[in-house]
Amino acid sequence: MEIVQKVMSGFSLDLGPVKEPLGFIRLLEWVFSICAFATTGGFVGSSVFTVVCPSKPEEVTAHFAYPFRLPNQPYYIPDCNGSMNHTFLQGDYSSSAEFFVCVGVFGFLYCTFTLILYLGYQQVYRESNRGPTIDFIVTGIFAFLWLVSSSAWAKGLTDVKNATNPDTLILACPQGLCKPKSYPAMGRLNASVLFGFLNLILWAGNCWFIYKETPFHKPASPPPNTEGVSTS
């Protein structure tokens, strides 16, 4: 309880930092981090193609979802004689998708922490050089992570699109009896890649404004004034 009381007693809400680039960009990072992992995590899509049987056309729907371990997503293709072929989507792209979402979630948590620090404990943040220096290093690390994760997920998404394209799926049909019918809606995943690279720009750009708060940018202390010192 004493620790909580000390923490609360030091809290002093000041919205001024949000009006400055340091706080405003951090707020944008908070929003776009949410957008990045929210548009990827929980995604569910499907591809539909038609098996053109002489008696009756049959629709086949292949479902897939985050984290895109596609071999875990089975679907069944009828062969027009009453039997079903048990088929699986091909390719495991979970590593790039989960890495991207992980960076987004941790970026969101770090933004939440630093916004509380900026708005409620500004005096603690600026009372020593340690706060801005740590903030600068962590922000630089996140900028690098956004570069790596966004690039990896952009490549992974391209592979997911190819693996779930009905034109690819119908290659598993017997005797070429299948025709594509419905392509999966990938707009949400395309947006996730865009949000990833927007985060890269925001976090990399914010490094400059945080750098200006560190002792690396601040001018050295001026030499002591020697005027008026008598000489013997």
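When a residue number appears, it is its place in the shown sequence, counting from 1. A quick note: this is a predicted structure, and the numbers were derived from the prediction, not measured.
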Using modelled atom types only, decide if a donor and an acceptor are shared between the side chain of [X] and the backbone of [Y] within a distance under 3.5 Å.
X	Y	result
N206	L202	no
S151	V148	no
T168	T164	no
S94	F68	no
N199	F32	yes
D135	G131	no
S150	G196	yes
T40	F37	no

Can you tell me how far apart [atom1] ([X]) and [atom2] ([Y]) are? Round to the nearest 0.5 Å.
X	Y	atom1	atom2	value
L117	Y110	CG	OH	8.5 Å
T139	I134	OG1	CD1	11.5 Å
S47	L89	OG	CG	7.5 Å
E29	W146	CD	CH2	9.5 Å
L198	L194	CG	CG	4.5 Å
M186	T158	CE	OG1	10.0 Å

[X] versus [Y], closest heavy-atom pair with distance:
X	Y	value
G41	V101	N-CG2, 4.1 Å
Y118	G23	CD1-CA, 4.1 Å
S192	F100	O-CZ, 3.2 Å
F64	P184	CZ-CB, 3.7 Å
P71	G91	CD-O, 3.0 Å
S96	A152	CB-O, 3.6 Å

Transitive ILVMFWY side-chain link [X] to [Y], under 4.5 Å:
X	Y	answer
F99	I34	yes
L22	W208	yes
F197	L189	yes
I170	V52	no
W203	F144	yes

ask   = Are E20 and R26 ion-paired here, with the side-chain N under 4.0 Å from a carboxylate O?
value = no

Under a 4.5 Å cut-off applied to non-hydrogen side-chain atoms, are [X] and [Y] in contact?
X	Y	value
L70	Q90	no
R69	Y93	no
K161	N190	yes
K155	L157	no
F142	V138	yes
V48	V60	no

task = Fit a plane to each ring of F49 and Y75, take the angle between them on a 0 to 90° scale, and name the class: parallel (under 30°), tilted (30 to 60°) or perpendicular (over 60°).
result = perpendicular

query = Which word best sums up how the rings of F88 and H86 line up, parallel for under 30°, tilted for 30 to 60°, or perpendicular for over 60°?
reply = tilted

message = Evaluate F24 against L28 for side-chain contact (heavy atoms from CB on, under 4.5 Å), listing each step before the verdict.
response = CA-CA 6 Å; F24 181 70; L28 291 179; 3.7 Å; yes

ask   = Is R188 atom CZ crowded by more than 12 heavy atoms from other residues, nucleotides or ligands, each under 6.0 Å away?
value = yes

ask   = Do the ring centers of Y211 and F136 come within less than 6.0 Å of each other?
value = yes

ask   = Given W153 and V193, is the side-chain contact (heavy atoms from CB on, under 4.5 Å) satisfied, shown in steps?
value = CA-CA 7 Å; W153 173 228; V193 174; 3.7 Å; yes

